[in-house]
Amino acid sequence: MEDKIRVLLTEEEVNKRINEVAAQINRDYEGKQVHLICILKGGVFFTCELAKRLTVPVSLDFMSVSSYGADTKSSGVVCIIKDLDEPLTGKHVLIVEDIIDSGRTLAYLIEVLDKRGPADIHLCTLLDKPERRVKKQVKVEYTCFTIPDEFVVGYGLDYAQKYRNLPYIGVVEPGAGE
């Protein structure tokens, strides 16, 4: 059984928008060092592409959190699978996510990280689904694309660990390609 993938955002569209967001981050963090926290696994593709375009000093760390498992809908239970390696005290933190929908994971994560003493915490996401937002207090400063409530893959996003390596953003239609 093969899934059908419909292109939502082309590779060219994604690259162009990452350039624009990186330029804004460079302006906003001028004279500062930004500490990127990549949320694994999905955020790694976007974080690497974003970091390559930043001209301000950058440090980088990784976290793995999950509320999905192998399903297409969030379970609502957030688990930290891999914590940070570096302390956050005094750092200008930019959390980099592949997608934000309900906001549960990010609301929890911001609360946990804020207790570690960063100078500030901001959010950057490749994709945002604000119509699914349950946690309204989650404010995203940098958004590449606002998308409709569809299950997307590619550019790090997966469906049961498949399709992360697609160079574009697509909508998966399970079993539709039979």
- Message: Checking the side chain of Asp3 only, and the main-chain atoms of Val172 only, is there a donor and an acceptor separated by less than 3.5 Å?
- Response: no

- Message: Main chain of Thr125, side chain of Glu97: is a donor-acceptor contact present, judged purely on distance under 3.5 Å?
- Response: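 Answer holds: no.
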
- Note on the structure: Sequence neighbours excluded, the answer for salt bridge (Lys or Arg N to Asp or Glu O under 4.0 Å) partners of Lys41 is none

Separation of [Y] [atom2] from [X] [atom1] (nearest 0.5 Å):
X      : Y      : atom1 : atom2 : value
Glu111 : Leu106 : CD    : CG    : 12.5 Å
Leu36  : Leu54  : CG    : CG    : 6.0 Å
Ile25  : Lys32  : CD1   : NZ    : 12.5 Å
Ile110 : Ile121 : CD1   : CD1   : 6.5 Å
Arg164 : Leu157 : CZ    : CG    : 8.0 Å
Ile5   : Ile169 : CD1   : CD1   : 11.0 Å

How close do [X] and [Y] get, heavy atom to heavy atom, and via which atoms?
X      : Y      : answer
Pro118 : Val93  : CB-CG2, 3.8 Å
Phe62  : Lys82  : O-NZ, 3.2 Å
Leu50  : Cys124 : CD2-SG, 3.9 Å

Between [Y] and [X], is there a side-chain heavy-atom distance shorter than 4.5 Å?
X      : Y      : result
His122 : Ile95  : no
Thr143 : Leu126 : no
Asn26  : Arg53  : no
Asp158 : Val153 : no
Asp128 : Arg133 : yes
Phe151 : Val171 : no
Phe46  : Cys38  : no
Leu88  : His35  : yes

- Query: So Phe45 and Tyr155, would you call those rings parallel, tilted or perpendicular, with 30° and 60° as cut-offs?
  - Reply: tilted

- Message: Which label fits Tyr29 and Tyr142: parallel for a plane angle under 30°, tilted from 30 to 60°, or perpendicular past 60°?
- Response: tilted

- Message: Between Ser59 and Gln33, do the side chains contain a donor N or O and an acceptor N or O under 3.5 Å apart?
- Response: yes

- Lys/Arg N to Asp/Glu carboxylate O, Arg116 vs Asp83, below 4.0 Å: yes

- Are Arg6 and Glu150 ion-paired here, with the side-chain N under 4.0 Å from a carboxylate O? yes

- Task: For a side chain to side chain contact (heavy atoms under 4.5 Å, CB included) with Ile39, tell me which candidate from Leu109, Val96, Thr47, Asp98 qualifies.
- Result: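 That would be Leu109.
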
- Among Leu9, Leu127, Asn19, find the residue that satisfies the side chain to side chain contact (heavy atoms under 4.5 Å, CB included) test when tested with Val14. Leu9

- Item | Derivation of the side-chain contact (heavy atoms from CB on, under 4.5 Å) call for Val152 and Ile99 | CA-CA 9 Å; Val152 290; Ile99 190 166; 3.8 Å; yes

- Under the salt bridge (charged side-chain N to carboxylate O under 4.0 Å, His left out) criterion, do Asp120 and Lys91 qualify, and how do the steps go? CA-CA 7 Å; Asp120 49 53; Lys91 293 182 179 178; over 6 Å; no

- Query: Should we count NZ of Lys16 as having more than 12 external heavy atoms under 6.0 Å?
  - Reply: no

- When you look at CD of Glu30, are more than 12 heavy atoms from neighbouring residues, nucleotides or ligands closer to it than 6.0 Å?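 Not buried by this count: 12 neighbours or fewer within 6.0 Å.
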
